[in-house]
Enquirer: 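What follows is a structure written as structure tokens; I'll ask about it next.
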Amino acid sequence: MMEKRVLGRSGIEVSAMGLGCWAIGGQFYLEGKPDGYGTVSDDESIRAIQRALDLGVNFFDTSDAYGVGHSEELLGKALTGRRDQAVIASKFGYFGSQATKTLHGVNLDKNYIERACDASLKRLNTDYIDLYLLHVWEVSISELYSVGDTLDELVAKGKIRSYGWSTDLLGGAELFSQRKNCVAIEQQLNIFEGSLDLVKLCEAKNMASINRSPLAMGLLSGKFNANSVLPKDDVRGAGFSWCEAFFKDGKPTPEALHKLDSVREILTSNGRTLVQGALAWIWAQSGSTIPIPGFKDVKQAEENARAMEYGPLTEEQIAEINKLLGRR
């Protein structure tokens, strides 16, 4: 089993990977389009979280946006009686209607952020959130300063232990990293896409690089081929432009499938599944990386967790992957 990693300068120890709780939030809507991963069983989601805990996963990443609060509620139920065994990251910034499961926009007003935090604490059934992340990908510099000041107040009140930002913007991340209570940047990172410069920034600033979409929205599970078509009630088939690196109109992109085929043998070396190889690639990039693959059932949670038994790919394997993908 891999050694634990640390949420940057917070000193909070976490498992080498966490579980991303977007999918278990169920269906919700953004810009009039489905933003979930289709039908999910709440009971199965709870069992999966508890099984992951049993297998050594103690880090769970959620948001008040996922299912417009439903993901947080499920995580809170799953951790009943085991809160002390878990490290929780949640996010804020989007607001919506729980009744209609619809996100309506963004609110970064000081009073709203504290109200959102209080609501998340209630849904999570906890007195504190270990890591509270700004969920809005791009904000103005003035807003960023205001948000940071508000988050420092929440740290002082004991409602959160630390904070960070879910963004891929290097300049913004560097600015936010100057705040002492900012301990993590959550960035997109997988074998196909992501900024290694952002990973290096996290290393240099003693922050964690939490990695969303480590499985390229499921493409790196290996269960899709050129004939696969996802329904329109799945976020990958709903028409969002930010899915198109991996899925367009519900279909895996030919380019991504070709890249996957070229590196499949390396990723599945030493008994790993494709999923476990994809996570191993991320761990090999830096000691600061903490991938957070999603899940919809116990089997997926187990496969993710058992990647820790294999650890990172070797330097030689990384070099060979870079060669096959045309990278330096």
Side-chain angles (χ1 to χ4, degrees), residues 1-22 49 51-63 75 79 82-91 128-133 160-168 173 176-177 180-191 194-215 220 272 275-295 301-315 317-318:
M1 186 68 68
M2 290 183 66
E3 293 182 2
K4 289 188 175 182
R5 297 199 167 189
V6 180
L7 289 179
R9 61 189 76 146
S10 74
I12 299 171
E13 283 193 340
V14 296
S15 45
M17 57 150 279
L19 285 183
C21 299
W22 176 3
I49 291 166
R51 179 61 176 149
L53 269 173
D54 293 340
L55 292 172
V57 175
N58 77 335
F59 183 48
F60 299 91
D61 176 276
T62 185
S63 171
L75 185 57
L79 295 178
R82 303 182 72 176
R83 174 64 181 96
D84 62 334
Q85 300 174 34
V87 176
I88 296 174
S90 196
K91 308 183 195 74
Y128 64 94
I129 295 170
D130 298 281
L131 176 64
Y132 203 36
L133 296 162
I160 65 175
R161 296 176 70 188
S162 62
Y163 58 79
W165 188 6
S166 179
T167 186
D168 298 318
F176 210 45
S177 73
K180 69 175 183 178
N181 292 314
C182 176
V183 305
I185 297 296
E186 186 169 297
Q187 64 172 115
Q188 176 163 288
L189 184 66
N190 55 61
I191 198 168
S195 169
L196 293 181
D197 286 337
L198 198 46
V199 174
K200 290 177 182 176
L201 172 69
C202 289
E203 285 183 334
K205 300 294 185 178
N206 190 21
M207 298 191 299
S209 167
I210 300 171
N211 313 124
R212 50 185 162 80
S213 292
L215 305 180
L220 288 166
R272 293 182 178 92
V275 163
Q276 293 162 351
L279 298 175
W281 180 88
I282 289 176
W283 286 320
Q285 304 308 310
S286 167
S288 69
T289 55
I290 305 167
I292 49 168
F295 65 100
E302 288 179 338
E303 182 179 11
N304 292 338
R306 287 187 166 130
M308 294 189 293
E309 297 174 9
Y310 295 94
L313 296 180
T314 66
E315 290 183 10
Q317 288 172 318
I318 295 298

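Worth saying up front: this structure is predicted, and the values here are computed from it rather than measured. We're numbering straight along the sequence, starting at 1.
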Enquirer: Do the rings of Trp165 and Phe176 sit parallel, tilted or perpendicular, given the 30° and 60° boundaries?
Expert: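 Taking Phe176 first and then Trp165, their aromatic rings stand perpendicular (interplane angle over 60°).
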Enquirer: So, taking the atom named CG in Asn304 and the one named CZ in Phe295, what distance separates them when rounded to the nearest 0.5 Å?
Expert: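 Rounded to the nearest 0.5 Å, the CG-CZ separation comes to 8.5 Å.
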Enquirer: Ile185 and Lys205: side chain to side chain contact (heavy atoms under 4.5 Å, CB included), yes or no, with the steps?
Expert: CA-CA 11 Å; Ile185 297 296; Lys205 300 294 185 178; over 6 Å; no
Enquirer: To check you understand the geometry: which heavy-atom pair defines the closest contact between Ile12 and Ser162, and what is its length?
Expert: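 Smallest heavy-atom distance, with atoms named: CD1-OG, 4.3 Å.
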Enquirer: Determine the minimum heavy-atom distance between Val183 and Leu7, stating which atoms define it.
Expert: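 Taking Val183 first and Leu7 second, the nearest heavy atoms are CB-O, 3.5 Å.
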Enquirer: Would you sort out whether Leu215 and Asn190 count as a side chain to side chain contact (heavy atoms under 4.5 Å, CB included), showing the intermediate values?
Expert: CA-CA 6 Å; Leu215 305 180; Asn190 55 61; over 6 Å; no
Enquirer: Has Glu309 got more than 12 heavy atoms of other residues, nucleotides or ligands less than 6.0 Å from its CD?
Expert: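 Counting other residues, nucleotides and ligands, CD of Glu309 exceeds 12 neighbours.
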Enquirer: To the nearest 0.5 angstrom, please state how far the CD atom of Gln276 sits from the CG atom of Leu313.
Expert: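 Interatomic distance, Gln276 CD to Leu313 CG, rounded to 0.5 Å: 11.5 Å.
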Enquirer: Quick one: CH2 on Trp283 to OG1 on Thr289, what's the gap to the nearest 0.5 Å?
Expert: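 Atom-to-atom, Trp283:CH2 and Thr289:OG1 are 8.5 Å apart.
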Enquirer: Atom OH of Tyr128 and atom CZ of Arg83: how far apart are they, to the nearest 0.5 Å?
Expert: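 It is 4.0 Å, given to the nearest 0.5 Å.
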Enquirer: Quick one: pull up CE in Met308 and OG in Ser15 and give me the separation to the nearest 0.5 Å.
Expert: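 The distance works out to 5.0 Å.
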Enquirer: Start with the C-alpha distance between Leu53 and Leu79, add both sets of side-chain angles, then the distance that settles side chain to side chain contact (heavy atoms under 4.5 Å, CB included), and finish with yes or no.
Expert: CA-CA 9 Å; Leu53 269 173; Leu79 295 178; 3.6 Å; yes
Enquirer: Out of Leu131, Thr62, Asp61, which one pairs with Ser90 under the side-chain contact (heavy atoms from CB on, under 4.5 Å) rule?
Expert: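 So the option named by the test is Thr62.
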Enquirer: Where do Arg212 and Asp168 land on the side chain to side chain contact (heavy atoms under 4.5 Å, CB included) test, with the steps shown first?
Expert: CA-CA 10 Å; Arg212 50 185 162 80; Asp168 298 318; 3.0 Å; yes
Enquirer: Can you name the closest pair of heavy atoms from Lys180 and Arg9 and give their distance?
Expert: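 Answer, listing the atom of Lys180 first, then Arg9: O-CD, 3.2 Å.
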Enquirer: For the residue pair Pro293 and Gly18, what are the closest heavy atoms and their distance?
Expert: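 Reported closest heavy-atom pair: CD-O, 3.2 Å.
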Enquirer: State the CD1-CG distance between Ile49 and Asp54, to the nearest 0.5 angstrom.
Expert: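 Result: 12.0 Å between the selected atoms.
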Enquirer: Check Ser288 against Arg5 and note the closest heavy-atom contact, atom names and distance.
Expert: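 Nearest pair, atom of Ser288 first, then Arg5: N-NH1, 4.1 Å.
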Enquirer: Between Asn211 and Ser209, is there a donor-acceptor pair closer than 3.5 Å when you use the side chain of the first and the backbone of the second?
Expert: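 Yes.
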Enquirer: Quick check: closest heavy atoms across Met17 and Val57, and the distance to 0.1 Å?
Expert: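 Shortest heavy-atom separation between Met17 and Val57 comes out as O-CG1, 3.9 Å.
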Enquirer: Could you tell me whether a side-chain N or O of Gln285 sits under 3.5 Å from a main-chain N or O of Leu196, the two making a donor and an acceptor?
Expert: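 Absent.
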